[in-house]
J.: 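Please find one structure pasted underneath; my questions will follow.
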Amino acid sequence: MIRFCDKEVWQIEEHQLTREQMICFFETEGRKTDVIAIYTSKGIYKGIVLYEDLIKCNSIDDCINPVIIKIGIDFWEKATKYFEKNPNALLTILDDFGRMIGFAYNDQDNYAEIYSVIETMKKGKKIPAFSLEKYKRIQLIVLNDFNEIAYRSYQMFSKLDIPVYVKGEKWAWFGIENIYSEADYPEYAKIYIYAEGTEFIRTEQKLPMSRYNYVANNFFILVQMAWDSMKLVYDNEINRLLRKGIHVCECHVPTRDKLNNMTDLEQLSVMWNLSIGARINRPWLVSERDKEAIAKIYGHANIELLLEKGNVGNAGNVQMIPIGNLLGRSIKDVQFQRKIYLIGPCIAYGYGCLAEDSLYGKLQEIVGKYEYQVVSLFIPREKYDILEVELKNIPIHEQDILLVVYDMNWFPVREKTDLLPQIDISAIYEASNRKTLFSQIPLHTNPDGNYAMAKEIFERYLKDEMNNLKCKDNVYLQKGEWLSTDAIKEIEEYLNGIVKKESGTVGAIVMNCNPFTYGHRYLVEYAADRVDFLYVFVVEEDRSLFRFADRFLMVQQGTADIPNVIVVPSGKWIVSYRTFTSYFEKEIKQDVKVDAYGDLEIFARYIAPPLRITQRFVGEEPFDKVTEKYNQQMCEVLGQYNISVKIVERLCVEGRTISATYVRECMREKKWEETRKYLPPTSYKICRQYGY
């Protein structure tokens, strides 16, 4: 975060003072924080020298910082790029006339939450919390002093048409002038924000002029507005889901001040404010003492792996699932149709833990035998806009469960009802002789904390609920969106390149054709005879023996005489590695758990309707377990969208069922006459080019 400061500047000509003389000058009482500006004998500016740089260098030239930035619309972009490479530098600021007017520096503290709040508020047309009684009287925001957060806040309030009054000379640097009069508003209708702290904070805490206080604290009113907005949105959306009959459970984690039984390590983590996020993402800010304490809490091996992977919550065996505008996290090898959606902040992200040691990973260990997949959705506590979108877009079936995990300060005050079970997780923190479960705050659980919490949630809610839901029909209660807005747009662009038929019945086949055999030809003929128009989608993913270009050509040439067939590439969203990973691993993993639900949902929701596809044809699968399971799931999913599925008996030649797998085996063994029996001439010609 970029902040500004004034300095006492001493101007000299180059060679006027030696390095030793400069050091003596700086070490005169009260001058170590001053700046020396160096000019040539002709008055040309060369740069500035700081005391801390001078004592590290052997010559004056080595420590001169010549970089200057003029105030302008591109200032923030230029300054940010400079500080990315020079995080500890002092940057000289010039006005439009080239005069030195001040300095900027990079405050390296973590202001992520306050930036997130500003961006969240800026996206909306209003701040939901402004409908609450405690904010209704606000008419004017008064911003005292200037820094990057203050500037971004000013932009945000202005976009929302909330009157802002600014104080401080540095606002004028950026051409910002007041259009409102502070005197026109009563005191009770104003909110005062002190961007750089207050005089009291500066003098009483003996903080330097350039740094009055931790800036995010001065903007806490914005954070509070975001949290209040979150509570409001959450309350509305959960009530909406409950009215639909969706099974929701709130899991309340205690706040730090409510704990009566902390371990020695937990007390140290609170006292020293130990952040696992800083340890992984900003290790230069963490002392060796703090690193050792954090390692004891989370485990040395765990920390090393997280540092190696470089992303808290993503390290380890994890699958990213596109849902709405977010990616959900799940353990990669666990894939079931029935879902437990875990909603929450850092604890849902897997903060400080490998995926398998996260709360969703530990829950998955327990519920896997019930054939439930845990999908974790991380929603920061200030992102009320994302929460609203996600709770509307999660596709939820009758047998699915929604778990919400937040600390007790976050949840709206509500009466307990049978419709909304609530679990207080405090018991695991109050147990006698327990292990260390968290660092800094109870939500920042370590692997032991996640396991204890998962067991508590299972025993007190999930076990009975999952058993009760077995007798329910697994129909949709909320279809939502399976894909993000960008992904949907990508599919629309893909469909724009495909010929569309306005009348008649339309069918579809999805084929890999590795290679295209007489069996594939028979399936196309069968389908084409039963519809007016047939799309044949050729899997575009290049993860097969035959390249996509060759497979596509085989299908085109092998069906060219069938007039109502059009051959098209499948694109990135029909049987692709991202939508149906196990399909491309089946030759080495026939026992893999098959999860084609996402692929089929995408086809049914986003591909079939624009192309008017109402029938899908597929060959029966007596050999390939993965494809057989895919066919079963196809009947299950597409039927919910009124798309009929016809499984066609496979063609036989000389008593042998035609199989592309068998054809590839013959090719490897150079049995070309045997191979020729199963391939159209156009396919055979291409196969011979592969030269086995």
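Sequential numbering from 1 along the given sequence is applied to the chain's residues. No hydrogens, no waters, no symmetry mates; every other heavy atom, side chains included, goes into these values.
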J.: Does a side-chain heavy-atom distance below 4.5 Å link Leu274 with Ile276?
T.: no
J.: For a quick check under 3.5 Å, do Asn88 and Gln108 share a side-chain donor-acceptor pair by atom type?
T.: yes
J.: Look at the rings of Phe146 and Trp76 and say which category their plane angle falls in: under 30° parallel, 30 to 60° tilted, over 60° perpendicular.
T.: tilted
J.: Among side-chain atoms of Glu382 and Tyr115, is any donor-acceptor pair under 3.5 angstrom?
T.: no
J.: Would you indicate whether the side-chain heavy atoms of Ile340 and Met466 approach each other to under 4.5 Å?
T.: yes
J.: So, do Val405 and Tyr360 sit near enough that their side-chain heavy atoms are less than 4.5 Å apart?
T.: no
J.: Could you walk me through whether Tyr372 and Leu462 satisfy the side-chain contact (heavy atoms from CB on, under 4.5 Å) test, starting with their C-alpha distance in whole Å, then the side-chain angles of each, then the deciding distance to 0.1 Å, before giving a yes or no?
T.: CA-CA 11 Å; Tyr372 269 88; Leu462 286 178; over 6 Å; no
J.: Strictly below 4.0 Å, N to O, side chains only: are Asp6 and Lys170 in salt-bridge contact?
T.: yes
J.: Students often mix this up, so state it plainly: with edges at 30° and 60°, are the rings of Tyr351 and His444 parallel, tilted or perpendicular?
T.: tilted
J.: Should Met121 and Ile162 count as side-chain neighbours, where that means a heavy-atom distance under 4.5 Å?
T.: no
J.: Take atom NZ of Lys134 as the centre, draw a 6.0 Å sphere, and report whether it contains more than 12 heavy atoms from other residues, nucleotides or ligands.
T.: yes
J.: With a sphere of 6.0 Å drawn around NZ of Lys392, does it hold more than 12 non-hydrogen atoms of other residues, nucleotides or ligands?
T.: yes
J.: Run the salt bridge (Lys or Arg N to Asp or Glu O under 4.0 Å) test against Lys362 and tell me which residues pass, sequence neighbours left out.
T.: Asp357, Glu365
J.: May I ask you to test the Asn261-Arg434 pair for a side-chain heavy-atom distance under 4.5 Å?
T.: yes
J.: Please check if the number of heavy atoms outside Lys296 that lie under 6.0 Å from its NZ is greater than 12.
T.: no
J.: Per the salt bridge (charged side-chain N to carboxylate O under 4.0 Å, His left out) rule, what does the pair list look like for residues 147-156, sequence neighbours excluded?
T.: Glu148-Arg152
J.: Rounded to the nearest 0.5 Å, how far does NZ of Lys455 lie from NZ of Lys463?
T.: 12.0 Å
J.: Is it the case that more than 12 heavy atoms not belonging to Lys81 sit under 6.0 Å from its NZ atom?
T.: no
J.: Looking at Pro128 and Leu232, what are the two nearest heavy atoms and their distance?
T.: O-CD2, 3.4 Å
J.: Using a 3.5 Å distance criterion without hydrogens, assess whether the side chain of Asn147 forms a donor-acceptor pair with backbone atoms of Ala195.
T.: yes
J.: Is it true that Arg240 and Glu237 make a salt bridge, defined as a side-chain N closer than 4.0 Å to a carboxylate O?
T.: yes
J.: Looking only at side chains, do Tyr341 and Glu390 share a donor and an acceptor under 3.5 Å apart?
T.: no
J.: Would you find a donor on one side and an acceptor on the other, under 3.5 Å apart, between the side chain of Ser330 and the backbone of Val374?
T.: yes
J.: How far apart are the C-alpha atoms of Leu259 and Glu266, what are their side-chain angles, what is the distance that settles it, and do they pass the side-chain contact (heavy atoms from CB on, under 4.5 Å) test?
T.: CA-CA 11 Å; Leu259 293 185; Glu266 288 167 352; 5.5 Å; no
J.: Please report the C-alpha distance between Trp272 and Arg289 in whole Å, then the side-chain angles of each, then the deciding distance to 0.1 Å, and finally whether the side-chain contact (heavy atoms from CB on, under 4.5 Å) criterion is met.
T.: CA-CA 10 Å; Trp272 296 344; Arg289 177 204 69 177; 3.5 Å; yes
J.: I want to check something: taking the side chain as every heavy atom from C-beta on, are Leu307 and Ile280 in contact at a cut-off of under 4.5 Å?
T.: yes
J.: So, Ser358 side chain and Cys353 main chain: donor-acceptor pair closer than 3.5 Å or not?
T.: no
J.: Tell me if the OH atom of Tyr451 is crowded by more than 12 foreign heavy atoms within 6.0 Å.
T.: no
J.: Got Ile191 and Phe157 here, is their nearest side-chain heavy-atom distance under 4.5 Å?
T.: no
J.: Decide yes or no on side chain to side chain donor-acceptor pair (under 3.5 Å) for Gln399 and His247, but give the supporting numbers first.
T.: CA-CA 8 Å; Gln399 295 180 9; His247 311 282; over 6 Å; no
J.: Return the CD1 to CG distance between Ile297 and Leu268, rounded to the nearest 0.5 Å.
T.: 7.5 Å
J.: Indicate yes or no: at least one non-hydrogen side-chain atom of Lys123 is less than 4.5 angstrom from one of Lys159.
T.: no
J.: Can you tell me if Asp264 has over 12 outside heavy atoms packed within less than 6.0 Å of its CG?
T.: no
